[in-house]
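Below is one structure, written out as structure tokens, with a few remarks after it.
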Amino acid sequence: PLDKTAITKSATVGALWGMAYDRVSKVIYTSAVLKGKIPLGAEGLDAIYTIDPTTGTPNSAPWLQLTDDLGIAVSPISANPQYHTNTDRGVLTPPSNDANAYADAGKVGIGDIDLSADGQTLFVMNLYDKKLYAIDVNTKTVTGSYTVPNPGCTNGQARPWGIGEY
């Protein structure tokens, strides 16, 4: 069997998707995501966390919240957790229903994140406004936002998600 090291706890961060690794500082950036029947972390749907994988013990720290810190909406709900609470969603006790999440998955929150090659810019895909944001890692400020062009989908069904820098 492979040796595994826990680097964070789901009870702290909730459901995660986007992940970027800073090779210089040896820090992992990871972002919250809406998944049906899986709780959000305490920081909510707009959260980006940092994890130090070198400690050997589970750890994570809130790094930035798009709505709370930068005023960037990730859903029509502006109050933390920027979505229905875990209790309202019914994800903390079985049986879980979570009907809203099934309708909203891929439409609210954060999709992928990626770090520039020089480690200075974190790129964040906002699923709600369909924009790619460039965030300065040192100042935690937005240095650019880019609307993702519709590739020709009808009825507003284009759903940008993944990103990458090569």
Side-chain angles (χ1 to χ4, degrees), residues 3-35 38-86 101 104-151 158-166:
D3 290 335
K4 298 177 185 175
T5 302
I7 58 174
T8 193
K9 295 186 178 204
S10 63
T12 304
V13 296
L16 301 173
W17 180 267
M19 187 175 292
Y21 181 66
D22 186 336
R23 295 176 188 181
V24 175
S25 66
K26 301 196 180 334
V27 169
I28 297 171
Y29 295 89
T30 189
S31 59
V33 71
L34 179 64
K35 291 183 181 180
I38 299 179
L40 291 169
E43 303 303 316
L45 187 60
D46 67 336
I48 299 173
Y49 300 90
T50 55
I51 299 169
D52 180 350
T54 66
T55 66
T57 59
N59 69 90
S60 61
W63 181 73
L64 185 72
Q65 289 178 273
L66 295 184
T67 304
D68 296 346
D69 298 331
L70 300 176
I72 300 170
V74 297
S75 81
I77 301 170
S78 60
N80 206 26
Q82 290 77 44
Y83 197 66
H84 307 282
T85 67
N86 290 329
D104 292 339
K107 298 176 186 175
V108 298
I110 301 170
D112 197 12
I113 64 174
D114 208 346
L115 193 63
S116 62
D118 64 6
Q120 300 301 304
T121 304
L122 186 69
F123 295 96
V124 179
M125 178 56 66
N126 184 337
L127 303 177
Y128 181 62
D129 67 9
K130 300 179 183 180
K131 289 184 180 178
L132 178 68
Y133 289 88
I135 300 171
D136 183 288
V137 170
N138 297 310
T139 63
K140 297 182 184 178
T141 57
V142 175
T143 58
S145 67
Y146 313 94
T147 301
V148 176
N150 184 328
R159 301 280 177 227
W161 186 283
I163 56 177
E165 184 192 26
Y166 303 97

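FYI, side chains are in, hydrogens and waters are out, and symmetry mates aren't considered; it's all heavy atoms of this structure.
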Minimal heavy-atom distance between I77 and H84, with the atoms involved, is CD1-N, 4.1 Å

Which atom names give the shortest non-hydrogen contact between N126 and G109, and what distance separates them?
OD1-O, 3.6 Å

Smallest separation among heavy atoms of K131 and T147, with atom names:
CE-OG1, 3.6 Å

Hits for side chain to side chain donor-acceptor pair (under 3.5 Å) against Y133, two or more places apart or cross-chain, chain-then-number order -> D129

Any sub-3.5 Å donor-acceptor pair from K140's side-chain atoms to W63's backbone N or O?
yes

For D112, does its backbone N or O pair with a side-chain atom of D114 as donor and acceptor, under 3.5 Å?
no

Supply the atom-to-atom distance Y83 OH to Y128 OH, rounded to the nearest 0.5 angstrom.
12.5 Å

Check: L66 and Q82 side chains under 4.5 Å, non-hydrogen atoms
no

Taking the side chain from E43 and the backbone from Q65, do they hold a donor-acceptor pair closer than 3.5 Å?
no

From CG (L122) to OG (S31), nearest 0.5 Å:
8.5 Å

In Å, rounded to the nearest 0.5 Å, how long is the span from CG of D69 to CG of D46?
7.5 Å

Between D52 and T55, do the side chains contain an N or O donor and an N or O acceptor separated by less than 3.5 Å?
no

Interatomic distance, T143 atom OG1 to I135 atom CD1 [nearest 0.5 angstrom]:
8.0 Å

Separation between CG of N138 and CD of Q120, rounded to the nearest 0.5 Å:
5.0 Å

Can you list the steps and then say if R23 with Y21 is a side-chain contact (heavy atoms from CB on, under 4.5 Å)?
CA-CA 6 Å; R23 295 176 188 181; Y21 181 66; 3.8 Å; yes

For L16 and Y49, run side-chain contact (heavy atoms from CB on, under 4.5 Å): C-alpha distance rounded to whole Å, both residues' side-chain angles, the deciding distance at 0.1 Å, then the answer.
CA-CA 9 Å; L16 301 173; Y49 300 90; 4.1 Å; yes

Value for CH2 (W17) from OG1 (T30), rounded to nearest 0.5 Å, stands at 10.5 Å

Write down the atom of S60, the atom of V13, and the distance for their closest heavy-atom approach.
OG-CG1, 3.4 Å

If you look at every heavy atom in L45 and S75, which pair is closest and at what distance?
CD2-CB, 4.3 Å

Taking T141's backbone N and O only, do any of them form a donor-acceptor pair with D136's side chain (distance below 3.5 Å, no angle check)?
no

For the pair I51 and N59, evaluate side-chain contact (heavy atoms from CB on, under 4.5 Å) and give the outcome as yes or no after the intermediate values.
CA-CA 6 Å; I51 299 169; N59 69 90; 4.1 Å; yes

Which residue is it: I48, I72, V33, L127? I am looking for the one with a side-chain contact (heavy atoms from CB on, under 4.5 Å) to I110.
I48

Heavy-atom closest contact (A158 atom, P151 atom, distance)
CB-CD, 3.8 Å

